[in-house]
Amino acid sequence: MLAGKRILVTRPRELAVALTALIAGAGGEPVLYPTTEIRDADDPAAAQALLARRQEFDLAVFVSPSAVRKSLELSPEGAWPRAAAVGEGTRRELEQRGFRQVIAPQGQADSEALLALPELAQVVGKRILIVRGAGGRELLGETLVARGAQVAYAECYRRARPATPPPEGRIDAACASSGDALANLVAMLGRDRLQDAPVFVAHARSLAQAASLGLRRPLLAGPGDAEMLAALVAYFSAAK
């Protein structure tokens with residue numbers, strides 16, 4: 001299916017295991033090139049103090065698998081309110097750590113999809129804790145506030161661009177699962193090495209971002225590892 005194809009995987013190293021295994025299982029050669037690193041928050045004490053009060057909230061919304069991991073590192077003990085996840089990957093991370101009845105959209109992994117669920121439609125007077133990294137999109141919190149919720153942010157980590165030398169050899173395709181990963185990929189590798197290779201992105205909004213970054217061949221795959229693999233296989237099967 002992917003025999004002989006060198007596929008650049010830009011996920012953070014600790015989150016890339018599943019996708020690299022899928023690519024290898026399909027006969028491809030995954031080239032791990034993390035364009036984003038997950039680092040400790042600048043002020044972990046602030047997040048830790050807020051997490052210690054998490055039972056005061058009606059809902060905890062986790063924006064990524066890293067948000068799950070880092071929050072539990074900062075505050076491993078104690079019960080949680082009901083949890084919501086922006087996507088399937090985050091939901092799986094929560095369930096692997098014992099969370100049950102996680103609210104999460106299916107088939108999409110963004111704030112818009114989560115906000116469209118009925119559980120987040122009527123939140124007047126609800127206290128909602130958003131567990132995330134520093135910065136990022138504000139749509140989720142702003143919309144919940146507009147719907148009448150009280151929102152607090154536990155910023156448990158930060159993203160950084162690693163100082164990693166570019167990989168040697170040809171690149172047949174690249175995968176970018178976030179806007180940060182895509183922007184860092186272009187900055188670290190340069191547009192020239194990506195002009196002849198398809199770059200598979202996870203979200204529709206990333207297609208416009210890719211165009212603004214000067215990439216000629218962005219393709220929409222989907223947010224999950226299985227969707228990314230399916231898009232790669234379909235592309236290279238059609239190219240034969």
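Closest non-hydrogen pair, Gly222 versus Glu227, comes out as C-OE1, 3.8 Å. Closest heavy-atom contact between Thr164 and Tyr33: O-OH, 3.5 Å. When all heavy atoms of Leu229 and Ala26 are compared, the pair lying nearest together is CD1-CB, 4.0 Å. Smallest separation of non-hydrogen atoms from Asp58 and Gly125: OD2-O, 4.4 Å. Across all their heavy atoms, Pro30 and Val9 have their closest contact at CB-CG2, 4.4 Å. Between Arg191 and Leu213, the closest heavy-atom pair is CD-O, 2.7 Å.
At least one donor-acceptor pair closer than 3.5 Å links the side chain of Arg54 to the backbone N or O of Leu51. Although no hydrogens or angles enter the test, the distance criterion places no donor-acceptor pair under 3.5 Å between the side chain of Gln101 and the main chain of Ala83. The backbone N or O of Leu139 lies less than 3.5 Å from no partner atom in the side chain of Glu142, so there is not a single donor-acceptor pair. Distance alone, capped at 3.5 Å, places no donor-acceptor pair between the Ser75 side chain and the Ser71 backbone. Without hydrogens or angle criteria, Thr10 side chain to Cys175 main chain gives a donor-acceptor distance under 3.5 Å. Within the 3.5 Å criterion, the main-chain N or O of Leu74 finds a donor-acceptor partner in the side chain of Gln48. Using modelled atom types, one side-chain atom of Ser237 and one backbone atom of Val233 make a donor-acceptor pair closer than 3.5 Å. For Arg147 (side chain) and Leu120 (main-chain N/O), a donor-acceptor pair under 3.5 Å exists by modelled atom type. Side-chain atoms of Ser64 come within 3.5 Å of backbone N or O of Ala67 as a donor-acceptor pair. Under a 3.5 Å cut-off, the side chain of Glu93 and the backbone N or O of Val68 do not form any donor-acceptor pair.
Cation-pi geometry between Arg132 and Tyr153 is satisfied (NZ or CZ under 6.0 Å from the ring centre, within 45° of the ring normal).
Taking the six-membered ring where the residue is Trp, Phe99 and Phe62 present perpendicular rings, their angle passing 60° and hence far from 30°.
A salt bridge links Asp180 to Arg159: at least one charged side-chain nitrogen sits closer than 4.0 Å to a carboxylate oxygen. Between Arg158 and Asp40 no salt bridge is recorded (no basic side-chain N to carboxylate O distance below 4.0 Å). Note on Arg127 versus Glu56: salt bridge recorded, some NZ/NE/NH1/NH2 to OD/OE distance being below 4.0 Å. Looking at Glu119 and Lys126, no side-chain N of the basic residue comes within less than 4.0 Å of a carboxylate O on the acidic one, giving no salt bridge. Salt bridge annotation for Glu88-Arg91: present, with a cationic side-chain nitrogen under 4.0 angstrom from a carboxylate oxygen.
Residue Arg11 is tested with Thr36, Thr35, Thr20, Asp225 for a side-chain hydrogen bond (donor to acceptor under 3.5 Å, both in side chains); the sole match is Asp225.
In the hydrophobic cluster analysis, where Ile, Leu, Val, Met, Phe, Trp and Tyr join through side-chain heavy atoms closer than 4.5 angstrom, Met228 is grouped apart from Val199. In terms of hydrophobic clustering, with Ile, Leu, Val, Met, Phe, Trp and Tyr side chains grouped at heavy-atom distances under 4.5 Å, Ile38 and Met188 are assigned to different clusters.
With sequence neighbours excluded, the residues forming a side chain to side chain donor-acceptor pair (under 3.5 Å) with Arg217 are Tyr235, listed by chain and number.
Summarising the local packing, CZ of Arg13 is surrounded by 12 or fewer heavy atoms from other residues, nucleotides or ligands at distances under 6.0 Å.
The CD atom of Gln55 lies 10.5 Å from the CH2 atom of Trp80; values are rounded to the nearest 0.5 Å.
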